[in-house]
Amino acid sequence: MIQITETQSPGFYLSFHELCHCTNTSPVYMLELIDHEIAIPAKGTAEEEWEFNITTRVLVERALRLHNDLDIDWVDIKLILNLLDEITELKIENRNLKQQLNRFLIG
Amino acid sequence: MDFIDYYAVLGVDPTADEKTIKTAYRKLARKFHPDVSKLPDTENKFKEVAQAYEVLHDKNKRAEYDQLLEARKRGFESHRNQSDFQPGFEEGYENPFKGYENQFNGNQDFADFFNSMFGSQESRGRKGQNYDTRHESFNNHKGRDLEMELPVRLEETVTDTTKSIEFFVPYYDNEGQLQQLKKSLNVKIPAGITDGERIRLKGQGAPTRGVSPTGSSTNGDLFLVIRLQQHPHFDIEGNNLILTLPIAPWEAVLGAKVQVPTLKGKIQLSVPSNSQSGQRLRIKGKGLVTKHHAGDLLVALKIVVPKTTSEKAKQLWSQLAELESFEPREWSN
């Protein structure tokens with residue numbers, strides 16, 4: 001094992017081609033996802049200027065899994081992703097509220 | 001790994017037609033898909049279902065699989081009469097294991113043998129991703145991305161900070177053996193980072209096969225997922241912090257000045273007189289720091305009573321009870 005130490009500043013955005021690469025998706029296919037507003041550029045107005053939030057990568061991977069594994073079309077996938085996000089937010093809120101409540105309860 | 005009966009996995013008869021197999025797959029896939037199912041062991045179950053469908057919905061693969069199944073049945077039937085397991089073939093029956101004798105014997109795992117015939121799912125690529133041939137090569141030159149969670153304390157979100165992380169990068173050495181490279185990085189974490197936020201460390205992922213992982217420009221990236229650690233005093237509500245503040249009954253009635261912690265140190269808080277348990281006092285700007293603004297600190301008052309009371313104190317409480325015509329229960333007459 002070799003140990004390497006360095007300091008690095010993080011990045012928060014991915015270019016269009018970087019997003020294609022890290023999700024293993026062709027540019028043509030990615031444009032389809034953008035058309036359906038599953039991947040939405042955070043910056044830029046043209047393909048060469050687009051920058052995507054890092055979280056878009058997770059969204060795209062999830063959408064691709066649902067599309068490829070369950071044969072769901074893009075419109076339904078958009079709805080499913082919104083619902084899954086809502087579930088995640090509700091779970092976080094529920095967890096936080098339980099934590100707050102537990103500070104008041106004894107036994 | 002035991003032999004997997006793909007018909008049993010999908011819950012269909014070996015004579016099922018394509019439509020029946022597709023319907024069975026869809027029903028199970030939606031039940032076990034990891035993105036929507038919370039059942040235990042859902043990922044493995046889904047992989048099993050997907051593998052079964054991959055074989056059974058393809059005419060050629062299904063035919064090969066059916067041959068294997070039949071040969072296995074015959075092999076077990078002949079095994080009952082033999083001391084060592086040998087695949088039993090009747091005269092004129094074509095040996096489906098021709099060419100694979102060295103790989104298959106009575107103790108060999110059928111699933112391994114099957115993968116050696118049909119390959120793994122990952123290598124076949126994803127259905128529906130029609131690669132434009134002009135772009136086919138773009139994925140072949142970079143290594144795999146890695147992802148890991150990075151725990152961050154609430155105090156570390158207040159200002160820019162540097163955190164040290166250690167992780168292992170998988171790579172293949174010159175002999176083709178899988179190795180692990182231990183890497184240590186100091187990562188700059190900006191102020192205002194939030195839970196679930198992802199940050200990217202370019203080039204810190206796995207290298208492409210056959211390439212050294214050190215200093216390679218073809219490494220994948222490392223993605224860090226920020227996880228805010230549970231705090232002993234504070235809870236989170238959006239951008240606000242909640243502090244549950246225990247106070248004595250007399251402090252609630254008479255008011256008090258108390259010290260409370262914040263992410264940047266202690267401050268003085270004035271508790272108003274006649275405060276109620278559960279009442280929240282807002283301290284502006286002392287909550288979570290985000291990229292755009294700072295949230296507030298909400299102090300939730302919790303009136304606590306001493307666990308033991310002296311006789312004198314009990315007398316005073318009794319006098320107070322007689323003096324005050326206070327009824328806390330709204331359903332009392």
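Protein chains get the first letters and strands the later ones, always in sequence-line order, with residue 1 at the start of each.
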Chemist: Is it the case that over 12 heavy atoms from other parts of the model lie below 6.0 angstrom from the CD atom of B/Glu147?
Modeler: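 Counting neighbours around CD of B/Glu147, more than 12 heavy atoms of other residues, nucleotides or ligands fall under 6.0 Å, so yes.
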
Chemist: Quick check: are there more than 12 heavy atoms from other residues, nucleotides or ligands sitting under 6.0 Å from CZ of B/Arg144?
Modeler: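 Not buried by this count: 12 neighbours or fewer within 6.0 Å.
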
Chemist: For B/Gln230, is it the side chain, the backbone, both or neither that has a heavy atom under 4.5 Å from a heavy atom of chain A?
Modeler: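 For B/Gln230, the side chain is the part near chain A, not the backbone.
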
Chemist: Mind listing the closest non-hydrogen atom pair of A/Leu66 and B/Asp35 along with its distance?
Modeler: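 Distance-wise, the nearest heavy atoms are CD2-CB, 4.1 Å.
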
Chemist: Please round to the nearest 0.5 Å and tell me the distance separating atom NE2 of B/His231 and atom CD of A/Gln99.
Modeler: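 Here the rounded value is 11.5 Å.
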
Chemist: Other residues, nucleotides and ligands only: do more than 12 of their heavy atoms fall within 6.0 Å of NZ on B/Lys22?
Modeler: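 12 or below, so no.
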
Chemist: Counting heavy atoms not belonging to B/Gln229, are there more than 12 under 6.0 Å from its CD?
Modeler: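 Atom CD in B/Gln229 is packed in, count exceeds 12.
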
Chemist: Looking at CD1 of A/Ile92 and CD of B/Glu237, how far apart are the two atoms once the value is rounded to the nearest 0.5 Å?
Modeler: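 Result: 13.5 Å between the selected atoms.
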
Chemist: So what's closer than 4.5 Å to chain A heavy atoms on B/Tyr53: side chain, backbone, both or neither?
Modeler: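 Neither the backbone nor the side chain of B/Tyr53 comes within 4.5 Å of chain A.
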
Chemist: Give, for atom CZ of A/Phe12 and atom CD of B/Glu197, the distance between the pair rounded to the nearest 0.5 Å.
Modeler: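 The distance works out to 5.5 Å.
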
Chemist: Would you say CG of B/Asn174 has more than 12 non-hydrogen atoms from neighbouring residues, nucleotides or ligands within 6.0 angstrom?
Modeler: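 Incorrect, the count does not exceed 12.
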
Chemist: Can you measure from OG1 (A/Thr55) to CZ (B/Arg198) and round to the nearest 0.5 angstrom?
Modeler: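 Interatomic distance, A/Thr55 OG1 to B/Arg198 CZ, rounded to 0.5 Å: 6.5 Å.
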
Chemist: Taking the side chain as every heavy atom from C-beta outward, state whether A/Arg65 and B/His33 have any atom pair closer than 4.5 Å.
Modeler: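 They are in contact (side-chain heavy atoms under 4.5 Å apart), so the answer is yes.
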
Chemist: Hey, are A/Gln100 and B/Asp235 close enough side-chain-wise for a donor-acceptor pair under 3.5 Å?
Modeler: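 Distance-only check fails for B/Asp235 and A/Gln100.
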
Chemist: Check whether B/Phe32 gets within reach of chain A through its side chain, its backbone, both or neither, counting any heavy atom under 4.5 Å.
Modeler: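 Contact with chain A is absent: no heavy atom of B/Phe32 under 4.5 Å.
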
Chemist: At a 4.5 Å cut-off on heavy atoms, which part of A/Glu18 comes close to chain B: side chain, backbone, both, or neither?
Modeler: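 For A/Glu18, the side chain is the part near chain B, not the backbone.
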
Chemist: Given a strict heavy-atom distance threshold of 4.5 Å, which part of B/Leu301 is in contact with chain A: side chain, backbone, both, or neither?
Modeler: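 The answer is the backbone of B/Leu301.
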
Chemist: For B/Asp145, is it the side chain, the backbone, both or neither that has a heavy atom under 4.5 Å from a heavy atom of chain A?
Modeler: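 Interface part for B/Asp145: side chain.
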
Chemist: Indicate the atoms forming the closest heavy-atom contact of A/Arg103 with B/Phe234, along with that distance.
Modeler: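 So the minimum-distance heavy-atom pair works out to NH2-O, 3.5 Å.
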
Chemist: By a 4.5 Å heavy-atom criterion (distance strictly below it), what part of A/Ile87 contacts chain B: side chain, backbone, both, or neither?
Modeler: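 No part of it gets close to chain B.
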
Chemist: When you look at CD of A/Glu93, are more than 12 heavy atoms from neighbouring residues, nucleotides or ligands closer to it than 6.0 Å?
Modeler: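 Counting other residues, nucleotides and ligands, CD of A/Glu93 stays at 12 neighbours or fewer.
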
Chemist: With the side chain counted from C-beta on, respond yes when B/Phe223 and A/Val58 share a heavy-atom pair under 4.5 Å apart, and no when they do not.
Modeler: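 Side-chain contact under 4.5 Å: no.
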
Chemist: Rounded to the nearest 0.5 Å, what separates atom CG in A/Asp71 from atom CZ in B/Arg30?
Modeler: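 Here the interatomic distance stands at 7.5 Å.
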
Chemist: Which bit of B/Pro190 comes within less than 4.5 Å of chain A, counting heavy atoms only: side chain, backbone, both or neither?
Modeler: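 Side chain of B/Pro190 only, per the 4.5 Å heavy-atom cut-off to chain A.
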
Chemist: Answer with side chain, backbone, both or neither: which region of B/Ile199 has an atom nearer than 4.5 Å to a non-hydrogen atom of chain A?
Modeler: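 It is both, since atoms from each part get that close.
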
